[in-house]
Amino acid sequence: MLAGGGYAESGVAPAGQMPRPPAGIDLVSAAGLLEVSATVLSNLDLAGLRSGESLLVHGGAGGVGMFAIQYARTLGATVATTASGGKMDNCRELGADIVINYADDWLTEL
């Protein structure tokens, strides 16, 4: 996790910013997992999401959305999400309580 220059082909970073990948996870997947989890945790922690509250996740079938659904459910929140028609079941399987086709009038449906 770099403050800048993370899209470079190579770089130098402090050892503390270079965690080991989880066992059985390749380096590319581990990098994506770290980025997604850090994005979700930092934002939901900043927002102070608590058990019993609700969260709307746009793009629930994307990497950040999938992690957000699962993390929010772990916190005890009710999760609503938007997704394309073909990916709505994936969001339900991840724990979304309310799944809305983003092509519909999601705000009215919500």
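No experiment lies behind these values; they were computed from the predicted model shown.
Judged purely by atom type and a 3.5 angstrom limit, Ser29 has no side-chain atom pairing as donor or acceptor with the backbone of Asp26. Of the possible polar contacts, none joining the Asp104 side chain to the Trp106 backbone as a donor-acceptor pair under 3.5 Å is found. Looking at Glu35, its side chain never comes within 3.5 Å of a backbone N or O of Gly32 through a donor-acceptor pair.
Residue Ile69 is grouped with residue Val36 when hydrophobic side chains (ILVMFWY) are merged at heavy-atom distances under 4.5 angstrom, including chains of intermediate members. Residues Met88 and Leu110 do not share a hydrophobic cluster, defined by chaining ILVMFWY side chains whose heavy atoms lie under 4.5 Å apart. In the hydrophobic clustering of ILVMFWY residues, with side-chain heavy atoms under 4.5 Å counting as a link, Leu107 and Ile100 come out together. Val99 and Met66 sit in two unconnected hydrophobic clusters of ILVMFWY residues. Membership requires side-chain heavy atoms under 4.5 Å apart, directly or through other members. When hydrophobic clusters are built by joining Ile, Leu, Val, Met, Phe, Trp and Tyr residues whose side-chain heavy atoms come closer than 4.5 Å, directly or via intermediates, Leu75 is grouped together with Val79.
Side-chain contact between Pro22 and Ile25: present, with at least one pair of heavy atoms (C-beta onward) separated by less than 4.5 Å.
The nearest pair of heavy atoms linking His58 to Leu56 is NE2-CD2, 3.6 Å. Contact detail for Leu55 and Ala72: the closest heavy-atom pair is CD2-CB, 3.7 Å. Taking every heavy atom of both residues into account, Ala61 and Cys91 meet most closely at N-SG, 3.7 Å.
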Please assess Val40 against Ser37 for the test side chain to side chain contact (heavy atoms under 4.5 Å, CB included), listing each intermediate value before the final yes or no.
CA-CA 5 Å; Val40 172; Ser37 61; 6.0 Å; no
Please report the C-alpha distance between Tyr71 and Asp45 in whole Å, then the side-chain angles of each, then the deciding distance to 0.1 Å, and finally whether the side-chain hydrogen bond (donor to acceptor under 3.5 Å, both in side chains) criterion is met.
CA-CA 11 Å; Tyr71 184 65; Asp45 287 353; 3.1 Å; yes
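Salt-bridge annotation for Asp97 and Arg92: absent, with no side-chain N of the basic residue lying under 4.0 Å from a carboxylate O of the acidic one.
Separating the CG atom in Leu94 from the CZ atom in Phe67 is a distance of 11.5 Å, to the nearest 0.5 Å. Rounded to the nearest 0.5 angstrom, Leu41 CG and Leu49 CG are separated by 11.0 Å.
Partner Val57 forms a side chain to side chain contact (heavy atoms under 4.5 Å, CB included) with one of Thr82, Thr81, Val64 and no other, that one being Thr81.
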